[in-house]
Amino acid sequence: MSGKTFESARYDLAVDTISRHDVQNVVSWLKAYPRLTMANETLAFEKAWSKWLGVKYSVMCNSGSSANLLMYAALDSTKLAGKRRIVVPATGWVTTVAPAIQLNWNPVMCESDSKTFGLDLDTLEKLLKKHRPETVILVHVLGVPNDMTAIKALQKKYGFQILEDCCASHGARHQGQMIGTFGIMSSFSFYYGHHMSTIEGGMVCTNDREVYEHLLMLRSHGWLKDLPKAKAQKIMKKYGVDPFHSPFTFVIPGYNLRPTDLSAHIGLIQLPQLKATVQQRMRNHLVFQKRLEGHFEFAREIPGDHISSISFCAMARSTEERKKVVRALEKNRIDTRIFTAGNLGRHPFWADKYGVFSAPTADKLYRCGFFLPNNQSLGRREVEFVCRVATEALRA
Ligand SMILES: Cc1ncc(COP(=O)(O)O)c(C=O)c1O
């Protein structure tokens, strides 16, 4: 903000977490002409990520969307998908849901919780009773954890596996437990503007050995080259594959969703900075909550949970009121947009196939939700300025 007044500054929703210093670091690394395609840096980043999250296995890929696709594909490949019935959230990102359509699963959409904007528990239970899905995928919306205690209780009662889309919730916790460790798999995104970035990039995490092995094959053409040696040898024996053929033996139908070692190297630089980024955004988040209380609705964490804040979502009372606020924000060079995708069930990709999904909270997020900038480049005074512009717009 140096040299600028709050009124003349720009407030971007997303800024890069890759600093000049990080770029210098990458340049020094590149000067040694390292291997750039997936190799040791990827393995090192996966190991570091597993340690940070507290899981056994992590598989890096080229985006959070690819990580979501891999989660579905791994359930198919291991036959855990069963009859491919899945509950998907109305609030989240398109690629949380799209693989269900692309892979011909049977998705049913779930209303959003009015407090966390995650899955609405009453609706979820109704859907579980009616459809008996094998899988539930959920999104921790903008770093606000779902009520995982309640969802685990439902899991015990109805028996389903959980996929956690944590693409915008790195470091959030539910009752002390890291988000991304509750399901059979979890996904993360390292896209620009997220809590940390590898330019493009994603990660799938799991504690399940078989799922892990399928993820390794699915990420890379379905071949056995990337498998742990003992597993690869077992497969070679089973199919009578000789060593000359083995690197190019395709075990399952796979994709190419590999990251580069360049991205993984950046990930290794970024990971130690994640904590500070999350803390700064959280400090800002608390200012937003305090200043916007009584003016707008917004997500609330369950007591004892820890949010890992990204853009701050607020909800106006009506679309008209949102228009007024958006005009004022734009006039003051404060970046804004709709709230993620609002209600995914109102977008053509869903509605054209299944009809429009309508539910009170998801619809309200669609009609009245908007983003306010929260990133690590902003501090208390900038956030207070943003809140002032938004609240004063209500009085205009
Ligand atoms: C909840 C959620 N899931 C998935 C994604 C997709 O991640 P990517 O942009 O890395 O493909 C995003 C992106 O913002 C997201 O917010």
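Remember, it's 1-based here, ligands and their atoms both numbered in the order they're listed. Numbers here are sequence positions counted from 1.
- Ranking the protein heavy atoms by distance from atom 5 (C) of ligand 1 puts Trp93 CD1, 3.4 Å first.
- Under 4.0 angstrom from ligand 1, there are no non-hydrogen atoms of Val141.
- Near Gly64, the atoms of ligand 1 lying under 4.0 angstrom from a non-hydrogen atom of the residue are 7 (O), 8 (P), 10 (O), 11 (O).
- Among residues two or more places apart in sequence or in another chain, the ring pair (Phe, Tyr, Trp, His ring centres under 6.0 Å) test is passed with Tyr72 by Trp105.
- Residue Val139 approaches ligand 1 through these ligand atoms, each under 4.0 Å from one of its heavy atoms: 1 (C).
- What sits closest to atom 6 (C) of ligand 1 on the protein, heavy atoms only, is Ser65 OG, 3.4 Å.
- Between the side chain of Lys324 and the backbone N or O of Ala396 there is at least one donor-acceptor pair closer than 3.5 Å.
- Residue Ser189 approaches ligand 1 through these ligand atoms, each under 4.0 Å from one of its heavy atoms: 7 (O), 8 (P), 10 (O).
- In His306, the NE2 atom is not crowded: 12 or fewer heavy atoms of neighbouring residues, nucleotides or ligands sit closer than 6.0 Å.
- Ligand 1 is approached by His194 to a heavy-atom distance shorter than 4.0 Å.
- Residue Ser63 approaches ligand 1 through these ligand atoms, each under 4.0 Å from one of its heavy atoms: 10 (O), 11 (O).
- Under the side-chain contact (heavy atoms from CB on, under 4.5 Å) criterion, Glu293 pairs with Phe298, Arg300, not counting sequence neighbours.
- Atom CZ of Arg337 has more than 12 heavy atoms from other residues, nucleotides or ligands within 6.0 Å.
- Ser66 contributes atom OG, which lies 9.5 Å from atom CG of Asn256 (distance to the nearest 0.5 angstrom).
- At the shortest separation from atom 3 (N) of ligand 1 among protein heavy atoms lies Asp165 OD2, 2.8 Å.
- Residue Lys126 places its NZ atom among 12 or fewer non-hydrogen atoms of other residues, nucleotides or ligands, all under 6.0 Å distant.
- The closest protein non-hydrogen atom to atom 16 (O) of ligand 1 is Ala168 CB, 4.0 Å.
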